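Below is one structure, written out as structure tokens; the observations come after it.
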Amino acid sequence: MSTFLSRLGRSSARHRLVVVGVWLAVFAGLAGILGVNGSGDSAPQTIPGSRASQALEVMNREFPAAQAPPENTLQLVFAPQDAEVTDPGVSSQIDSVLAEAASLPGVESVSDPFAPDAPYTSPDGTLAVATLIYGDLSDDAQVTSYDAALALQESAPADLGVELGGNLVPLGAESGPGEVVGVLIAFLVLVLTFGSMRAAGANLLIAVFGVGVGLVGVLAYGSITPIGENSIILASMLGLAVGIDYSLFILSRFRTELRSGRSVEDSIARATGTAGTAVVFAGLTVIVALAALMVAGIDFVTEMGMAGAFGVLVAVLLSLTLLPVFMKTLGVKALSKKHRKDLAAGVVFDEDTTPKHGFVRRWGQAVVRRPVISLVTGVLVLVVVALPMLSMKTAFNVPGGTDPESTERAAYTLILDELGGVQSPLIVLAEGDDVASSTTALEDQLTGMAGVAQVTPAEVSADGQTARITLIPTGGPIDDSTKDLVHQLREDADSISGIHLEVTGETAIGIDQDAALSDALVTYLVVIVLISLALLVLLFRSLLIPLVATLGFLLSVGASFGASVAVFQWGWLPALVNAPQGDPMLSLLPILLVGVLFGLAMDYQVFLVSRIKEMHDRGLTPKDAVVEGFSRSAPVLVAAATIMTVVFAGFATSTFSVAASIAFGLMVGVLADAFIVRLVLMPALLSLLGKSAWYMPRWLDKILPSVDVEGHAVEHASAPIAGDDEPSQTGDRDSLQGTHV
């Protein structure tokens with residue numbers, strides 16, 4: 001592969017206009033598909049096939065006349081202080097507010113909370129609820145109508161305690177300054193790494209263009225098949241991060257080759273053949289990790305994985321084709337001024353003989369000298385950060401809106417406290433040959449169950465074999481009491497002879513979806529661990545290194561989970577994280593963090609340990625090999641991880657809770673894996689293990705194929721590869737005049 005990639009890099013550099021034209025054509029083609037088909041609909045995040053979903057299908061079939069609730073509704077919740085809603089003065093004020101509500105834009109009708117046949121008030125008279133029913137609304141009309149209702153709630157008399165429940169406006173990601181600041185800091189890190197604004201600019205431009213192509217591609221697909229908004233978020237976030245990193249690895253190698261006295265084209269060929277090979281493997285690892293999300297068997301999770309994988313694929317292809325175009329255009333200007341002067345003066349850089357100093361090398365030496373202290377300290381830090389994970393709670397959807405401080409959540413909580421789970425009822429289906437004769441016994445049984453606030457009379461289907469009973473729980477849809485009630489209903493499903501019970505409704509479906517994602521996380525973790533062990537055994541020809549690397553990955557995942565719980569569930573950093581806090585973790589978050597962090601962890605493992613292995617294969621002692629390999633690979637790894645961190649930190653400042661929680665979890669995961677697991681635990685463990693770290697049974701070593709992940713076939717070739725003897729372009733001769741020694 002390394003030889004092929006070196007030729008691909010050389011060819012791309014020689015045919016710059018063709019490469020640029022092809023990529024512009026790809027972008028234009030995808031944009032054309034999007035333009036023709038439109039943006040398309042957003043796919044719902046549902047998990048069909050659960051017990052609650054199947055029961056819902058039965059209910060819809062057996063009770064076709066059942067009226068579905070209106071889709072566009074809001075609630076005005078009145079909770080007056082030191083008064084009852086039925087007091088004449090209070091009720092007249094409520095009537096006045098409702099009369100004004102009836103004239104709001106888009107409102108078709110307003111319910112009367114005091115209607116004798118269907119009152120919506122609390123038994124103690126402290127709460128009254130009116131429902132505003134809207135017709136079909138366009139996107140602009142949704143915003144206008146909601147803003148008008150919100151203005152009414154804010155202008156209502158303060159002593160009425162009015163809150164506005166529900167939200168007509170779909171939740172969506174809002175871009176903010178944090179994302180821009182993150183990109184700017186990433187650019188600054190690149191400038192400091194390269195010492196050249198031109199090289200930093202080329203690196204960032206490739207990544208940004210890759211995000212553009214990836215997003216347009218995902219949106220073009222979404223114009224044909226509905227996709228979820230989270231897929232777009234993940235594709236852009238991950239595409240930008242890996243796009244910067246992959247170009248960084250190749251550009252760094254290109255600069256090293258230039259400093260060694262090679263021509264621009266030869267440097268491009270060798271950089272894409274060596275570092276490019278590592279990029280291909282790293283990218284494929286991330287793609288495999290994301291594609292493996294399909295083992296969850298959940299459509300929208302698979303969709304998110306594929307969208308993220310597409311963004312990573314684009315980043316890999318751009319780094320191998322379009323980046324060589326930029327490298328050829330930059331030439332030796334990709335180097336800092338000092339390095340250009342050295343090159344012009346005939347000073348050639350040799351990585352093996354040049355004295356090595358600097359903080360990173362001293363860091364590696366310190367870890368190797370004190371491996372036990374380093375190991376214990378690193379593990380202790382990760383375990384402490386991971387501890388909040390023990391109290392992690394998950395929910396598929398957060399009832400009452402995602403912001404605990406909003407009027408929407410206040411309205412939801414008021415109703416829940418006074419009337420129980422009336423906003424999230426459970427629907428119990430009873431099936432049997434003569435279910436009508438058992439409804440009374442069934443109602444009595446349900447009424448006596450723990451966690452039940454109210455049971456409505458049973459409704460029997462036309463054929464007399466199915467009954468539907470609405471059950472109001474005492475708690476909300478994500479409360480433990482409601483979950484326990486659903487599980488108990490299923491355990492007692494056949495307690496009445498000849499009758500089988502199933503429970504459905506939005507609450508039961510959400511509970512099933514949360515459980516499905518939790519089960520999928522366990523399955524996915526097992527798959528990821530097996531993939532990790534297999535890949536690393538193949539790469540490093542070792543049994544112990546894959547084991548400790550995988551354990552380190554699990555520690556970094558635990559730290560990511562723990563920090564996410566502390567911030568988003570416990571609300572520890574409200575001043576730094578703008579997204580709403582105080583809610584359970586979204587069920588989707590853990591499985592996404594595992595998938596993405598696995599890919600990134602394997603990237604760092606490969607870039608770090610492959611150089612250590614190279615030094616060991618050259619005959620250095622285990623500790624010397626760790627120090628030498630660490631000092632050569634760690635600086636680029638630090639730059640790459642720093643860039644990842646600041647990019648994710650920028651997204652973590654989003655006010656959209658889904659985007660912020662994903663980005664924050666990834667940010668902490670990258671910090672833990674790169675700066676603690678790979679830069680502390682791995683060198684410490686390799687130092688302690690010594691030669692046993694590279695132990696491999698002979699029989700296994702013989703049957704495993706050899707993988708040249710660092711492209712050493714090109715790096716150590718004794719003869720030039722095909723095309724090396726072809727004349728360089730004029731720009732090469734001019735830019736390198738006087739640099740050969």
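From a predicted model like this one, the values you see are computed outputs, not experimental measurements. Every heavy atom of this structure was used, including side-chain atoms; hydrogens, water molecules and symmetry mates were not.
Without hydrogens or angle criteria, Ser692 side chain to Leu689 main chain gives a donor-acceptor distance under 3.5 Å. Between the side chain of Ser560 and the backbone N or O of Ser556 there is no donor-acceptor pair closer than 3.5 Å. Counting only distance, with no hydrogens or angles, the side chain of Ser542 and the backbone of Ala693 share a donor-acceptor pair below 3.5 Å. A donor-acceptor pair under 3.5 Å links the side-chain atoms of Ser406 to the main chain of Asp403, judged by distance alone. Although no hydrogens or angles enter the test, the distance criterion places a donor-acceptor pair under 3.5 Å between the side chain of Thr507 and the main chain of Ser424. Under a 3.5 Å cut-off, the side chain of Arg611 and the backbone N or O of Val606 do not form any donor-acceptor pair. The main-chain N or O of Ala307 is never found under 3.5 Å from a side-chain atom of Ser231 such that the two would form a donor-acceptor pair. Put simply, the side chain of Glu614 never gets that close to the backbone of Ala625: no donor and acceptor are under 3.5 Å apart.
Put simply, CZ on Arg678 and CG on Leu608 are 8.5 Å apart, with the number rounded to the nearest 0.5 Å. Atom CG of residue Leu544 and atom CE of residue Met696 lie 11.0 Å apart, to the nearest 0.5 angstrom. The line from CG of Leu313 to CE of Met306 is 12.0 Å long, rounded to the nearest 0.5 Å. Atom-to-atom distance recorded for Arg253:CZ and Leu248:CG is 13.5 Å, nearest 0.5 angstrom. Separation of atoms CG (Leu589) and CZ (Phe664) is listed at 11.0 Å; rounding is to 0.5 Å. The CG atom of Leu637 sits 10.0 Å away from atom CE of Met644, with the distance rounded to the nearest 0.5 Å.
Listed by chain and number, the residues in a side chain to side chain donor-acceptor pair (under 3.5 Å) with Ser587 are Asp514 (sequence neighbours excluded). Remark: Ser687 engages Val368, Pro371, Lys623 in a side chain to side chain contact (heavy atoms under 4.5 Å, CB included) (not counting sequence neighbours). Partners of Thr550 by side chain to side chain donor-acceptor pair (under 3.5 Å), not counting sequence neighbours, listed by chain and number: Ser532. For Asp512, the salt bridge (Lys or Arg N to Asp or Glu O under 4.0 Å) partners are Arg490, not counting sequence neighbours. Partners of Val522 according to the side chain to side chain contact (heavy atoms under 4.5 Å, CB included) rule, which considers only residues two or more places apart in sequence or in another chain, do not exist here.
Among Leu251, Val312, Leu317, the one residue that satisfies the side-chain contact (heavy atoms from CB on, under 4.5 Å) test with Tyr246 is Val312. With respect to Tyr524, the side-chain contact (heavy atoms from CB on, under 4.5 Å) criterion is satisfied by exactly one of Asp519, Val301, Val295: Val295. Put simply, the residue from Ile528, Asp673, Leu666 that forms a side-chain contact (heavy atoms from CB on, under 4.5 Å) with Leu597 is Leu666.
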Test log, rule side chain to side chain contact (heavy atoms under 4.5 Å, CB included), inputs Arg632 and Ile612: CA-CA 9 Å; Arg632 298 185 185 206; Ile612 296 176; over 6 Å; no
Side chain to side chain contact (heavy atoms under 4.5 Å, CB included) evaluation trace for Phe598 with Ile531: CA-CA 10 Å; Phe598 168 75; Ile531 291 176; 3.9 Å; yes
Full working for side chain to side chain contact (heavy atoms under 4.5 Å, CB included) between Leu586 and Phe396: CA-CA 6 Å; Leu586 293 177; Phe396 191 77; over 6 Å; no
Criterion side chain to side chain contact (heavy atoms under 4.5 Å, CB included) on Leu293 and Ile298, from CA distance to verdict: CA-CA 8 Å; Leu293 283 169; Ile298 301 172; over 6 Å; no
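Side-chain contact check for Leu375 versus Val680: every heavy-atom pair is 4.5 Å or farther apart. Here the side chains of Val594 and Phe561 are in contact, with some heavy-atom distance below 4.5 Å. Using a 4.5 Å cut-off on side-chain heavy atoms (C-beta onward), Met304 and Leu588 make contact. Contact annotation: the side chain of Leu525 approaches that of Leu554 to within less than 4.5 Å [non-hydrogen atoms, C-beta and beyond]. Side chains of Arg409 and Asp583 form a contact here, defined as non-hydrogen atoms less than 4.5 Å apart. By the 4.5 Å heavy-atom criterion applied to side chains, Trp694 and Arg541 are not counted as neighbours. Side chains of Val596 and Leu234 form a contact here, defined as non-hydrogen atoms less than 4.5 Å apart. For the pair Val367/Ser374, a side-chain contact is recorded, criterion being any heavy-atom separation below 4.5 Å from C-beta on.
The two residues Gly595 and Ala289 make their nearest non-hydrogen contact at O-CB, 3.5 Å. Nearest approach of Gly364 to Val627, heavy atoms of both residues: O-CG2, 4.4 Å. Among all heavy-atom pairs drawn from Ala386 and Ala559, the shortest one is CB-N, 3.8 Å. Among all heavy-atom pairs drawn from Lys483 and Ile478, the shortest one is CE-O, 3.8 Å. When all heavy atoms of Ala186 and Ile643 are compared, the pair lying nearest together is CB-CG2, 3.9 Å. The two atoms that bring Gly378 and Leu681 nearest to each other are CA-CD2, 3.9 Å, heavy atoms only.
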For residues 204-218, which side-chain N or O atoms pair as donor and acceptor with protein atoms under 3.5 Å away, sequence neighbours left out?
none

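Residue Phe310 places its CZ atom among more than 12 non-hydrogen atoms of other residues, nucleotides or ligands, all under 6.0 Å distant. The environment of Trp363 atom CH2 is sparse: at most 12 non-hydrogen atoms of other residues, nucleotides or ligands sit within 6.0 angstrom. Within a 6.0 Å radius of CZ in Arg370, no more than 12 heavy atoms belonging to other residues, nucleotides or ligands are found. Atom CD of Glu506 has 12 or fewer neighbouring heavy atoms from other residues, nucleotides or ligands inside a 6.0 Å radius.
Side-chain atoms of Thr645 and Thr642 form no donor-acceptor pair, as typed in the model, at a separation below 3.5 Å.
Taking 4.0 Å as the cut-off between side-chain N and carboxylate O, Glu628 and Arg361 count as a salt-bridged pair.
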